[in-house]
Participant: 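Mind having a look at this structure? Questions to follow.
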Amino acid sequence: MIRTVATKPFPDQKPGTSGLRKKVPVFQQPGYLENFIQSIFDSLEGFAGKALVVGGDGRYFNREAIQIVAKIAAANGFGRIVIGKGGIMSTPAVSALIRHLGAFGGIILSASHNPGGPDGDFGVKYNISAGGPAPESITEAIFARTKQIEAYKISDAPDFDIDRLGLVEIENATIEIVDPVTQYLELMKTLFDFAAIRALFASGFTMRFDALHAVTGPYAHAIFENELGAAAGSVVNGTPLPDFGGHHPDPNPTYAKDLYDLMLSAAAPDFGAASDGDGDRNMILGRGIYVTPSDSLAILAANARVAPGYANGLAGVARSMPTSAASDRVAEKLGIRHYETPTGWKFFGNLLDAGLATFCGEESFGTGSNHIREKDGIWAVLLWLSILANRRIPAIDVVRDHWRSYGRNYYTRHDYDEIDLKAAGGLMEALGEAITTLPGKSFGALKVEAADDFEYHDPVDGSIADHQGIRVMFEGGSRIVYRLSGTGTVGATLRLYIERYEPPTGDLEEDTQATLADLIALSRELAGIEARTGRKAPSVIT
Ligand code: VG1
Ligand code: CO
């Protein structure tokens, strides 16, 4: 039976950079998840009888949430609800399956790189039929609906078994429990030369993939070890855990420290990679080198043709605004388009749909292509492996070659986590005012050329996204960017992005933090970070 349950709005259900993220106890309040899911469906039209894909990253509350989402979807008239076994399906696999099935959309239960467990974070994201995150027009409609909602509809069917492959009927919907890896693996086989990568491993090539106890474990075991012949044990932390083993499932030098330290040690394998909670991020390392995500995007774009899926070249490359300009240089040399979008994968959707861009990337360890409409961690690793299989030189030489051809964008991001909300707001407001007076000013050797609050005009649908971050640009191409995170759940997180370009003929082997020291110091001074937030140093440096 379908029950209609009276409810009251929660005032705080505004989706951020990537869906709604809150602490688990917030999501566990009666009606909280139900309201949000019903508000999503209330904001959509035409899904009666159609398919919905539901995935999750296995974090705490995932299993309960899957039942609630499926029962509300069935009660609202979806005809087919496709769920990954155990409630597990990575964000890129959900995107791939939505597209493959021609589904109406999908719901992803994840707070991505945020920590999990009973006191950790939970999250919900809605993806559209193209497979990508809902655009702002939809997330705004959902938020508006959450403030009005009076009731939700839910089936009173008993819980179904999410650990057994097969079909279950609920109301007029068929629930289908599928293997989360199968279709994704098939898609990867259409893009990459698996035989070539197999030959690489057969030649003695070694790798470590750290799944950080998050969703990519099953994918990595199936693809790298079983399909491609990486030695058993190449995938570590490959079993998804509800609390990710107590760590942040965030593939960066701070939270994937074991892998990072190993790769920079004498015991390093040839190649290392890690992915995040929901499998859309990637960190890439070679023996003796950490590849910044911005460089990785540029290198993948420059070498894309080695993979069959991209043998005809790329239409264009898009990057988020805070991502370094390294990929722009590749696009210019290849004579293809390049775009600068606001932070968040949803802004790439139109460019990909319109065929204007083939590769996209973010400095936050996100890389992907037009094969789906999400960033894709395993995909990035497979493309790196394809390049290494083709060129047969160490990863460190691939990177150095790249710098010698294009120059190097020294790049770092400094995060100040959990700072006071008011202090963060005041800091951004003051910077917003300073952009009018900064141009023309000099700070030591650094002269400000321009400053603005980034505004994006979508070339496909004409929509405008404003207030997307303060940019301070210097003569010679150096840059400082400031923005507040839209994915945190405690206080505010201030992100500083700092970049300096060194041409091919310059010094390409400097230490990043040292070579950027004057810009880093200036970035703190311009924003008055210590005075406003009390913080002397960032919490995370990537
Ligand atoms: C962060 C990253 C952004 C990314 C987003 C979602 O957002 O900076 O580039 O798209 O997370 O990634 P913010 O607003 O906190 O800076 V994921 O892998 O957490 O879905
Ligand atoms: Co993620």
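Counting starts at 1 for both ligands and their atoms, following the listed order.
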Participant: Can you tell me the protein heavy atom closest to atom 17 (V) of ligand 1 and the distance?
Facilitator: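 The answer is Ser112 OG, 2.7 Å.
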Participant: Looking at Gly486, which atoms of ligand 1 are within less than 4.0 Å of one of its heavy atoms?
Facilitator: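 In order of numbering, the contacting atoms are 13 (P), 14 (O), 15 (O).
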Participant: When the side chains of residues 417-426 are checked against the rest of the protein, which donor-acceptor pairs come out under 3.5 Å, sequence neighbours left out?
Facilitator:
from, atom 1, to, atom 2, distance (Å)
Asp420, OD2, Lys422, N, 3.2
Asp420, OD2, Ala423, N, 3.0

Participant: Mark yes or no: Arg329 above the aromatic ring of Tyr501, with NZ or CZ under 6.0 Å from the six-membered ring centre and no more than 45 degrees from the axis.
Facilitator: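 Cation-pi check for Arg329 and Tyr501: passes.
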Participant: For atom 19 (O) of ligand 1, grab the closest protein heavy atom and report residue, atom and distance to one decimal in Å.
Facilitator: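 Protein heavy atom with the smallest distance to atom 19 (O) of ligand 1: His113 ND1, 2.4 Å.
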Participant: Quick check: Arg495 and ligand 1, any N/O pair under 3.5 Å apart?
Facilitator: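 The answer is yes, given that Arg495 and ligand 1 share an N or O pair closer than 3.5 Å.
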Participant: Decide whether a cation-pi geometry holds between Lys257 and Tyr255; the criteria are a distance under 6.0 Å from NZ or CZ to the six-membered ring centre and an angle within 45° of the ring axis.
Facilitator: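 The answer is no; the distance or angle limit is not met.
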Participant: Looking only at the aromatic ring of each residue, does the gap between the centers of Trp379 and Phe359 stay below 6.0 angstrom?
Facilitator: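 Yes, the ring centres sit under 6.0 Å apart.
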Participant: Using a distance-only test with no angle check, is there a side-chain donor-acceptor pair under 3.5 angstrom linking Arg500 and Thr515?
Facilitator: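 Short answer, yes.
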Participant: Heavy-atom contacts under 4.0 Å between Thr17 and ligand 1: side chain, backbone, both, or neither?
Facilitator: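 Looking at Thr17 and ligand 1, just side chain atoms fall under 4.0 Å.
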Participant: Under the side chain to side chain contact (heavy atoms under 4.5 Å, CB included) rule, what do Val291 and Trp384 come out as? Steps first, then yes or no, please.
Facilitator: CA-CA 11 Å; Val291 187; Trp384 263 97; 4.0 Å; yes
Participant: Check contact between Gly344 and ligand 1, using heavy atoms of the residue and a distance below 4.0 angstrom.
Facilitator: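 Yes.
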Participant: Can a donor-acceptor pair be found, under 3.5 Å and without considering hydrogens, that links the side chain of Tyr497 to the backbone of Glu363?
Facilitator: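 Between the backbone of Glu363 and the side chain of Tyr497 there is no qualifying donor-acceptor contact (under 3.5 Å).
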Participant: With backbone taken as N, CA, C and O and side chain as the heavy atoms from C-beta onward, which portion of Ser364 lies under 4.0 Å from ligand 1: side chain, backbone, both, or neither?
Facilitator: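 Looking at Ser364 and ligand 1, just side chain atoms fall under 4.0 Å.
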Participant: Can you find a heavy atom in the side chain of Ile435 that is under 4.5 Å from one in the side chain of Ile470?
Facilitator: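 A side-chain contact exists here, since the closest heavy-atom pair is under 4.5 Å.
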Participant: Around atom 4 (C) of ligand 1, find the nearest protein heavy atom and jot down its residue, atom name and distance.
Facilitator: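 Its nearest protein heavy-atom neighbour is Glu362 OE1, 3.6 Å.
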Participant: Heavy-atom contacts with Thr343 under 4.0 Å: which atoms of ligand 1 show up? List them by number with element.
Facilitator: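 Those of ligand 1 that fall under 4.0 Å from Thr343 are 3 (C), 8 (O), 9 (O).
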Participant: Nearest non-hydrogen atom to atom 1 (C) of ligand 1 belongs to which of Arg483, Arg21, Lys375, Arg281?
Facilitator: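 Going through Arg483, Arg21, Lys375, Arg281 one by one, Arg281 has the nearest heavy atom to atom 1 (C) of ligand 1.
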Participant: With the Co ion (ligand 2) as the centre, enumerate protein N/O/S atoms below 2.8 Å in chain and residue order.
Facilitator: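 Protein N, O or S atoms closer than 2.8 Å to the Co ion (ligand 2): Ser112 OG, Asp276 OD2, Asp278 OD1, Asp280 OD1.
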Participant: Below 4.0 angstrom from a heavy atom of Asp280, which ligand 1 atoms are there? Numbered from 1 as shown, please.
Facilitator: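 So the answer, numbered in order with elements, is 18 (O), 20 (O).
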Participant: Give me the nearest non-hydrogen protein atom to atom 7 (O) of ligand 1 as residue plus atom name, then the distance to 0.1 Å.
Facilitator: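 For this ligand atom, the closest protein heavy atom is Thr487 CG2, 3.5 Å.
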Participant: For Thr542 and Asn252, does a side-chain donor sit closer than 3.5 Å to a side-chain acceptor?
Facilitator: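 The criterion, which ignores hydrogens and geometry beyond distance, is not satisfied for Asn252 and Thr542.
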Participant: Below 3.5 Å, N or O to N or O, backbone or side chain included: is there any such pair between Leu484 and ligand 1?
Facilitator: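 By distance alone, the answer is no.
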Participant: Is it the case that the side chains of Arg208 and Ser234 hold a donor-acceptor pair, with the cut-off being a distance below 3.5 Å and no angle test?
Facilitator: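 Their side chains do not contain a donor-acceptor pair, so the 3.5 Å distance test is not met.
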Participant: With a 4.0 Å heavy-atom cut-off (strictly under), which part of Asp276 contacts ligand 1: side chain, backbone, both or neither?
Facilitator: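 Answer for Asp276: side chain.
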Participant: Students often mix this up, so state it plainly: with edges at 30° and 60°, are the rings of Phe347 and Tyr456 parallel, tilted or perpendicular?
Facilitator: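 Judged by the thresholds at 30° and 60°, the geometry between Phe347 and Tyr456 is perpendicular.
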Participant: Verify whether one side chain among Asp278 and Ser90 offers a donor that lies under 3.5 Å from an acceptor in the other.
Facilitator: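 No pair is found: no donor N or O on one side chain lies under 3.5 Å from an acceptor on the other.
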Participant: Using a strict cut-off of 4.0 Å, indicate which atoms of ligand 1 neighbour a heavy atom of Ser18.
Facilitator: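 Taking each heavy atom of Ser18 in turn, ligand 1 has 6 (C), 20 (O) under 4.0 Å.
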Participant: Using ring centroids (six-membered ring only for Trp), state whether Tyr260 and Tyr290 fall under 6.0 Å.
Facilitator: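 Aromatic pair counts; centres sit under 6.0 Å.
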